[in-house]
There are 2 protein chains.
Amino acid sequence: MTKDHENELTKERILNEAEILFAQKGYKSVNIREITKAANCNLAAVNYYFGSKKNLYLDIFRSRWMARAKRLQEFFKSSLGSISPNSPAKIVEALAYTFLKGPLSEEERHRHHQLIAREMAQPTEALEMIIDQMIKPFIKELSDMLLPSMSKDVTKEELILNILSMFAIVLYFNFARKAVTSIINRPYDSEFKTKLIEHIINFSLYGLSGSQKEELK
Amino acid sequence: MTKDHENELTKERILNEAEILFAQKGYKSVNIREITKAANCNLAAVNYYFGSKKNLYLDIFRSRWMARAKRLQEFFKSSLGSISPNSPAKIVEALAYTFLKGPLSEEERHRHHQLIAREMAQPTEALEMIIDQMIKPFIKELSDMLLPSMSKDVTKEELILNILSMFAIVLYFNFARKAVTSIINRPYDSEFKTKLIEHIINFSLYGLSGSQKEELK
DNA sequence: GTCTATAGCAGGATAGAC
DNA sequence: GTCTATCCTGCTATAGAC
């Protein structure tokens, strides 16, 4: 029906605009008037469709954020191909590529990481859901992929710490963009992103002991 | 004078309590009533001493945060000793130790990193000051220390990216404590912190290619 | 310098017309 | 389903007594 169609659109518009604003400014700093203005709809629409501001926020994670995380995981898996024992180098490369140049647009990527960084610094109900449904399973998959290539005395916990450290770097270069730009004195353009991917692969694989770049070529 | 002394104390108490609250909840989510209640003083005191809530927030960075950052840098330098060409291993170890078990108490460290993580995600005037006055000079010092030991073809920019990545990991394990605890399924106690230091040293030096632990022993 | 009281406004939520 | 008008809470900031 036409009516249903229009409802969908308003609801979707609210979700889209609210997500952008929550990512930029955080939950408390955004107000409903701002959201509805951006979504070009009436002030009462948020309460009509979502019941409350709080629930709109949670719905953004339930629908938008989770869907994007799934897209990222699918992209990662398909970029690995199906040859089952992948080298750490191949896995790290696919990870860095997925999270910095993968299926998301620049704006989407930024938003995605801003939202999760905010949740990690100050958890709400959303974080538990994300960790249980997305992060833990993904870390488990990565662990299983990496374990065969690791030295025998690496424990499961140490492997998880390694994976978290890679994510920490990816997260940082996405949520702290302004700081990075100012420190490195360079705009966050396509060229810089390419450099970042290279860097993240190298650092994750070899740390400071550095670029085995020659061997990779 | 007694009066001046008491003023100082009230002002200090406000700074202390406000910092804790801003770190936990973010600027917008904290209100003056909460701060003055925690500082056990009158509602009007914040405006009397700081002029506005906003200026109280900035003062926390100007006095408290910067002072702590200085303490951390001093601690780091003195733990290196004065032998000028330090190995990367020694530098990384001193860094990890300083930021995870250095001069700050657990609560101070957590607060310190929560505040900077919030600023990085959503910069205010405070960030520019911090970057210019503390972060850039510190990165410069670290670069100069590390450069001699790096392979010839490492550019200055790549070196800075390496340093930022180390900080990203340190920052993550401090500001995202709740997420880490839930993922790793283990409390953030002294034993875990020791493990974290070990991990950060190892990962920063060798990345996934892993623990040259045997050689270090 | 400290307090109470309150001005003045912003924001979440809802009632009720259309 | 969409809109306007409005209630009500809770906030910052300040005036003015002590």
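Every chain is numbered from 1, with letters handed out A, B, ... down the list of sequences.
- A:Lys53 has its NZ atom 15 Å from the P atom of C:dA10, to the nearest Å.
- For the pair B:Lys101 and B:Glu106, the salt-bridge criterion is not met [side-chain N within less than 4.0 Å of a carboxylate O].
- Residues satisfying the side chain to side chain donor-acceptor pair (under 3.5 Å) test with B:Asn16, not counting sequence neighbours, are B:Arg64.
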N/O donor to acceptor pairs below 3.5 angstrom from side-chain atoms of residues 55-63 of chain A, sequence neighbours left out:
unit_1	atom_1	unit_2	atom_2	d
A:Asn55	OD1	A:Arg62	NH2	2.8
A:Asn55	ND2	A:Phe50	O	3.0
A:Tyr57	OH	A:Glu119	OE2	2.6
A:Asp59	OD1	A:Arg62	NE	2.9
A:Asp59	OD1	A:Arg62	NH2	3.0
A:Ser63	OG	A:Asp59	O	2.8

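- In this structure, NZ of A:Lys37 is placed 12 Å from P of C:dG11, rounded to the nearest angstrom.
- Distances shown here put every side-chain N or O of A:Asn47 at or beyond 4.0 Å from the OP1 or OP2 atom of C:dG12.
- One atom, CG of A:Asn42, and another, C1' of C:dA15, lie 13 Å apart when rounded to the nearest Å.
- Atom pair B:Asn40:CG and C:dT2:C1' shows a separation of 13 Å (rounding to whole Å applied).
- The side chain of B:Tyr48 approaches C:dG1 more closely than any other nucleotide in the set C:dC3, C:dG1, D:dT4.
- Screening residues 166-176 of chain B for salt bridge (charged side-chain N to carboxylate O under 4.0 Å, His left out) gives no qualifying pairs among residues at least two apart or on separate chains.
- For the OP1/OP2 pair of C:dG1 and a distance below 4.0 Å, the side-chain nitrogens and oxygens of B:Tyr49 include no atom meeting the criterion.
- Of the residues in residues 24-34 of chain A, those placing a heavy atom less than 4.0 Å from an atom of DNA chain C are A:Val30, A:Asn31, A:Ile32, A:Arg33, in numerical order.
- Between the C1' atom of C:dG1 and the CD1 atom of B:Ile14 lies a distance of 12 Å, rounded to the nearest Å.
- Side-chain atoms of A:Leu43 lie closest to D:dA5 of the nucleotides C:dC3, D:dA5, C:dG12.
- Considering only residues two or more places apart in sequence or on other chains, B:Asn185 meets the side chain to side chain donor-acceptor pair (under 3.5 Å) condition with none of them.
- For the salt bridge (charged side-chain N to carboxylate O under 4.0 Å, His left out) condition, no pair includes a residue of residues 39-56 of chain A, sequence neighbours left out.
- Phosphate contact (OP1/OP2 of C:dT2, side-chain N/O of B:Thr10, threshold under 4.0 Å): present.
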